[in-house]
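Structure first, commentary second.
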Amino acid sequence: MSDSLSKVRTAAAAMLLIAAPAAARAEDGYRLWLRYDPIEAPLRQRYAAHATELVVHASGPIAKAAQSELERGLSGLLASPLPICREVDRDGAIVLERAPTANLGPEGFVIRTSRANGHVVTRISANSDRGLLYGAFALLRRIQTRQPLDRVAVRDRPAISLRMLDHWDNLDRTVERGYAGQSLWDWSSLPDRIGPRYADYARADASIGINGVVLNNVGADPRILAPEYLRKVAALARVFRPYGIHVYVSVRFSSPIDVGGLKTADPLDPAVRSWWRSKADEIYRLIPDFGGILVKANSEGEPGPWDYHRSQVDGANVMAAALRPHHGTVFWRAFVYSNTKEDRAKQAFDEFRPLDGKFASNVIVQAKNGPIDFQPREPFSPLFGRMPRTRMGLEVQVTREYLGGTDGILFLAPMWTEVLNADTCSPRCGTEVKSTIASMAGVANIGSDRDWTASNFNQANWYAFGRLAWDPSLTSRQIADEWTRMTWSEDPRAVNPIVAMMLGSREAVVDYMTPLGLAHQFQNDHHYGPAPWSCSFAQANWNPCDYNKADARGIGFDRTRTGSDAVDQYAPPIARAFASLDLIPDTYLLWFQHVPWTYKLRSGQTLWAALIDHYDRGVGEIETNRRQWQMLRPFIDPQRFAAVSTDLNRQVLEARWWRDASIAYWQSLSKLPLPPGHIAPAHPLAWYQSIHFDTVPGFKVPRIDLRTLCMTGRKDPNCAD
Ligand code: BDP
């Protein structure tokens, strides 16, 4: 008993720290969705009756993490310390216990109202401590989102077994396509100094079910495999382990030369094979639960098996053989293309499809959601469903490289559910992408900024990624709703408008950037801002003009049989739909078809009129969001309210810039007047073509400041001197 009393005291002390009055706390976004502020008084009593004590029948480090999260969360939410007891001795106990349960797998859990020692209790049970950890977070989420705790019967297990965040972090702490400051990993002070942020990061990941983290950039620095860095990796693995997270690293294909001192990295060379084997042994001696490696080979200047006239299979399998005795996984990226005349959208499929069935069983071929590159909208990659004898992984980008970085509100769940739910029609219709994948990876948007993601709303994308990787059948609305309640407010007068803003935001961005199937219309290199006219790269498939194919007569990339024939990479029913002007959804029109400016859509509207409508709809939506946000002032703390207001001001200017610059360019080709009711761009085309900022998001600065964006030329109250 004295044991449990001392625990009560510890929990009470912790609670004082956690449940400090909201007003006194800096609302800087650090707590993410794990805020645990006290719930409204009348309701609190109801929940308190279901959390009278905590009884834990599991003792491993992961179960301990689950226990401490419950202590922290419940004592915060209920504004009262949570007694820890050995056995159930009253109604309302929460029992955390390992109990063999069929069909739950190693990570699933059950939460249910039941009885113990004659008392009514809530049991969280699982086959493993990892299941308990996920169950603990699920219970907290129930309370955070105010779902009832009487008569609970939840059974949940992840649909996808490998749920990964891929950090594109460099060893010098810069982050490729990162907008949230430096890398979280302070390589120079590792392994000696372990700041509290590492564990806070792991808690956040675990709370949404992420179980794998790739620490470094796919354009990998080979030093990551040097003993000095492996010790640092091991230190992070130790912090992450109690949260059920395995670490992985990206490796450079030429590592046998770069760090091994060999003369070749030819995967069929025996010395190379044995180098990978002994490197794997060395890693696993340090990190017994090391997850594996991620490889970007023969793409965008990275070395790979082609350098030795070997195939992607040869490259992947030599590493897989080295990892296999240790149960490690090789994620081999399908993002492979080169500077040839062939349509870039076709190259990955052409390369990988003939290799189906040849990859080792511990290789996952990881393809981006679309055939090109994280655009605001792409059709799903034709590799999904068409590699039936290969373990496939889906890669999405959580960081907003092509989507305005940190500007405004952009919720990406609608984009990801679009691909997860896409019907591959392989082997038969009704086979959705989500049922064809073994893993889901998100390119992280996380950095050392206090709010982790450089904008409060970008946190929602980290959250949504984890939730969808766990359960791809969740809807965007469900995710937006729970995140909003956990992050902003429980008041429906705040929840409803915020959720509505989030749900409309992705389509708005597509509309103001690249409507009707357009893609890759970005300024070069940094991918911030419009440049549909740009045609100056020697590598044609980096040029926006190569993707829009716009001229005086029309616009769009012909990927039907009269063009590049990318349509035929899809299963026949899909190929038929994309190839047919009668069947193709408007959203993919210009991705697959080249049509005249005056082409009549099925709605009866001309393409020209529809394009202008979309741009204006996109801008209008963001302007509405900005107004709407102002009405939420009474419900939101001043610090985060101001930060989001600024983000939205930037997004309004960015949206107008996209709209004006794009229309000015298309009009210079089509020579068509704007349909009635639409205003002309504020400036002539040359104005937009001359905009070149020295500092843009991700290039020297995390975000572009408002004054600079004002130079894109539209009048706005925020641009007045
Ligand atoms: C592109 C990014 C580049 C990445 C590449 C990749 O611009 O920074 O290295 O994707 O995924 O979109 O490898």
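Just so it is clear, the structure is predicted and the values come from calculations on it, not from any experiment. As the structure lists them, so they are numbered: ligands from 1, and atoms in each ligand from 1.
Heavy atoms only, all atoms of each residue included: N298 and D307 are closest at ND2-OD1, 3.0 Å.
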Show the short N or O contacts, below 3.5 Å, that ligand 1 makes with protein N or O atoms; if there are none, say 'none'.
unit_1   : atom_1 : unit_2 : atom_2 : d
ligand 1 : 7 (O)  : R177   : NE     : 3.2
ligand 1 : 7 (O)  : R177   : NH2    : 2.8
ligand 1 : 7 (O)  : E401   : OE2    : 2.5
ligand 1 : 8 (O)  : E176   : OE2    : 2.3
ligand 1 : 8 (O)  : R177   : NE     : 2.9
ligand 1 : 8 (O)  : R177   : NH2    : 3.4
ligand 1 : 9 (O)  : E176   : OE2    : 2.9
ligand 1 : 9 (O)  : K296   : NZ     : 3.0
ligand 1 : 10 (O) : K368   : NZ     : 3.0
ligand 1 : 11 (O) : R333   : NH1    : 3.4
ligand 1 : 11 (O) : R333   : NH2    : 2.7
ligand 1 : 11 (O) : K368   : NZ     : 2.6
ligand 1 : 12 (O) : D373   : OD1    : 2.8
ligand 1 : 12 (O) : D373   : OD2    : 2.6
ligand 1 : 12 (O) : E401   : OE1    : 3.3
ligand 1 : 12 (O) : E401   : OE2    : 3.4
ligand 1 : 12 (O) : Y402   : OH     : 3.1
ligand 1 : 13 (O) : K296   : NZ     : 2.6
ligand 1 : 13 (O) : R333   : NH1    : 2.8

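A search for salt bridge (charged side-chain N to carboxylate O under 4.0 Å, His left out) contacts involving E300 returns K296, not counting sequence neighbours.
Of the possible donor and acceptor atoms, one in the side chain of E378 sits under 3.5 Å from a partner among the backbone N and O of F374. Y528 places no side-chain N or O within donor-acceptor distance of the main-chain N or O of G405, the cut-off being under 3.5 Å.
A salt bridge links D186 to R173: one of the charged nitrogens lies within less than 4.0 Å of a carboxylate oxygen. D705 and R650 are not joined by a salt bridge, as no carboxylate oxygen comes within less than 4.0 angstrom of a charged side-chain nitrogen.
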